[in-house]
Amino acid sequence: MLRAVVVALGCVLTLVAPGSARAQVGEFDTTHTVFYEAPTRTHMFVYSPSGDVTASPWSWLDVRGGWEADVVSGASVSTKAGGVYQASHAADVVSTASVRDLRNMARGEATVKGDLTSLTAGYAYSTENDYRSNSLHVNARTDALQHNTQFELSYAHNFDGVCNRVQDGSATSPTLWVALEDSSGCFTKSATRVTDTIGIDTIETSWGQSWTPIFETQLTYTAQLVDGFQSDPYRSVILGEGIKAQEHVPDERAREALTARMAVYLRALRAAFRLSVRGYYDTWAIRSGTVEAELEKSFGESFRLMARGRLYSQTGAVFWSDDYTGGAPPLGPRGQYFTGDRELSPFWSWLGGLRAIWTLRPAEGRFIGFIESFKLGLSGSVTGFSYSQYTLGGIPVSNARAYVGTLSFNVVF
Amino acid sequence: MERKTKRLGIGSAAACLLLASGCATVAPTQRAVLADPTMQFDGEAKHDAALRHAIDNREGSMGGTGVSGGGCGCN
């Protein structure tokens with residue numbers, strides 16, 4: 001697999017290389033992101049490097065190839081219980097497990113461009129210790145009305161597989177299923193492991209409109225159908241006295257989102273203000289709203305600084321309960337499904353961040369004969385989560401904050 | 001029934017906006033500000049991709065940021 005990625009990148013680099021008779025424009029991007037989060041009982045550190053190469057051997061064709069990875073280390077909740085159950089037990093019933101994983105993803109896509117229209121098709125393959133993904137996507141985009149209107153339609157299908165534990169033949173009810181202990185034996189012929197499938201269809205359509213010389217909007221509708229195993233195979237939930245079972249959520253999930261965005265240029269500040277509002281609904285009864293605002297200002301021709309703020313709020317899934325063993329509402333069992341996933345609980349979150357972009361272009365000609373521009377990006381964000389129902393054995397998780405920092409570098413040939 | 005009516009209303013509003021867009025003309029000579037990097041909705045999409053990925057994996061929602069991608073990376 002690695003050899004295939006290297007060969008693919010080599011082919012693209014050959015097209016980009018200076019002196020190539022065919023390459024007219026090329027681009028190289030690399031980004032490096034660190035994510036750190038340490039709420040009660042768990043912590044997670046993720047380093048995500050990526051590299052992408054784009055070549056435009058002809059004016060009507062762009063070819064892109066890239067790779068990204070997530071290097072993950074930390075701990076996650078492996079057994080989830082609520083306060084009612086914990087109160088009747090002297091010993092700590094919530095447990096955590098260490099997590100070490102490496103996700104590698106190789107991707108490639110090609111875009112055929114016309115004066116007003118472009119068509120893109122691409123493929124991505126990713127692998128983790130316990131997850132494999134093949135993703136195909138296509139995109140069509142067209143401009144209309146003197147470039148004042150843009151329509152875009154995209155579709156992607158994922159053929160994914162997640163490793164799971166082979167359950168005992170006598171365990172006919174999900175309440176008897178046991179969580180996956182670790183990823184050893186995954187994607188092998190091991191008799192103790194099975195690969196569950198997940199199919200994901202995503203369609204997105206958007207309409208962009210320039211209304212005045214300083215004001216534009218974009219409206220985007222996204223729909224997604226997920227079919228397959230969607231639980232965390234490692235996580236158990238306590239369902240009653242002595243009953244601990246692997247998390248069990250529905251196999252089907254239909255998701256819809258509508259996003260409205262606007263950008264307006266504030267001449268007095270020499271800055272752009274962007275606002276995004278998103279509404280979301282799915283068949284697990286999660287409803288959410290997101291408001292995001294960005295103010296980006298140019299300092300001279302080469303430096304831009306952006307401040308970003310974001311607020312997010314969601315309801316819980318219809319089968320979410322912090323303690324399935326009982327207690328006053330909203331606690332108690334929720335039909336046939338059970339989860340310990342805090343992302344399916346009701347919560348709100350905030351995010352604040354800054355991003356700086358520095359672009360360097362020569363006054364005339366090109367740097368060392370073939371480099372058109374350099375671009376360096378640096379950003380940092382802090383996000384906090386406030387869970388209204390999620391607890392770990394009755395202890396609220398009030399310190400869930402995550403820090404994200406990104407460094408990026410781009411060079412255009 | 002109520003949901004159908006609501007969807008019909010949203011569809012009608014979108015159609016009206018689409019028709020109105022035909023009246024909005026920004027001449028090519030007036031597009032300098034619209035072409036400025038600060039006016040692009042996803043001008044630094046690659047830089048922000050990992051942040052979006054991290055946010056998506058901490059929330060129960062999705063949408064509005066494209067369809068491509070692969071893998072879970074949901075730790």
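Just so we're on the same page: letters track the sequence lines, and every chain starts at 1.
Every residue two or more places apart in sequence or in another chain that forms a salt bridge (Lys or Arg N to Asp or Glu O under 4.0 Å) with A/R310 is listed here: A/E292, B/E59. For A/H157, the ring pair (Phe, Tyr, Trp, His ring centres under 6.0 Å) partners are A/F159, not counting sequence neighbours.
Ranked by heavy-atom pairs shorter than 4.5 Å toward chain B, the options A/R255, A/M262, A/Q146, A/R287 are led by A/R255. With respect to chain B, the highest number of heavy-atom pairs below 4.5 Å among A/S349, A/S345, A/S48, A/S379 belongs to A/S379. Counting heavy-atom pairs under 4.5 Å between each of A/L295, A/L378, A/I203 and chain B puts A/L378 at the top. Most heavy-atom pairs under 4.5 Å with chain A, from the set B/A27, B/P37, B/A54: that is B/P37. For the set A/I286, A/D282, A/I357, the count of heavy-atom pairs under 4.5 angstrom toward chain B peaks at A/I357. Options A/V138, A/T222, A/V404, A/T30 differ in how many heavy-atom pairs under 4.5 Å they form with chain B, and the most are formed by A/T222. Heavy-atom pairs under 4.5 Å with chain A were tallied for B/R31, B/K46, B/M62; the largest tally goes to B/M62. When A/S276, A/A272, A/S50, A/G353 are compared by the number of non-hydrogen pairs under 4.5 Å with chain B, A/A272 comes out ahead. Considering only heavy-atom pairs separated by less than 4.5 Å from chain A, the leading option among B/G63, B/S61, B/G64, B/A32 is B/S61.
Using a 4.5 Å cut-off between heavy atoms, A/Y280 touches chain B through its side chain atoms alone. The part of A/S381 that comes within reach of chain B is its side chain, from C-beta onward, which places non-hydrogen atoms under 4.5 angstrom from that chain. A/Q314 touches chain B through its side chain: at least one heavy atom from C-beta onward sits under 4.5 Å away, while N, CA, C and O do not. Neither the backbone nor the side chain of A/V162 has a heavy atom closer than 4.5 Å to any heavy atom of chain B. Residue A/S408 touches chain B through both its backbone and its side chain, counting heavy-atom pairs closer than 4.5 Å. Proximity to chain B is limited to the side chain of A/R253, based on heavy atoms less than 4.5 angstrom apart. If you measure heavy-atom distances from A/E294 to chain B, the contacts under 4.5 Å come from the side chain alone. Looking at A/T259, only its side chain comes within 4.5 Å of chain B, counting heavy atoms on both sides.
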Inset, instruction - Step by step, work out the side-chain contact (heavy atoms from CB on, under 4.5 Å) result for A/E27 and A/N410. - result: CA-CA 7 Å; A/E27 196 170 339; A/N410 164 277; 2.8 Å; yes
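No donor-acceptor pair under 3.5 Å is formed between the side chain of A/D70 and the backbone N or O of A/V72. Side-chain N or O atoms of A/Y125 include none that pairs as donor or acceptor with a backbone N or O of A/R132 at under 3.5 Å. A/N129 contributes a side-chain N or O that, together with a main-chain N or O of A/R100, makes up a donor-acceptor pair within less than 3.5 Å.
For an aromatic pair to be called close, the ring centres must be under 6.0 Å apart, and A/F347 with A/Y312 satisfies this.
A/D341 and A/W320 make their closest contact through O-CZ3, 3.5 Å (heavy atoms, listed as atom of the first residue, atom of the second, distance).
A salt bridge between A/R355 and A/E296 is present, with a side-chain N of the basic residue lying under 4.0 Å from a carboxylate O of the acidic one. In summary, B/D42 and A/R261 engage in a salt bridge, as defined by a charged side-chain N under 4.0 Å from a carboxylate O.
A tilted orientation is assigned to the rings of A/Y36 and A/F45, their planes being inclined by 30° to 60°.
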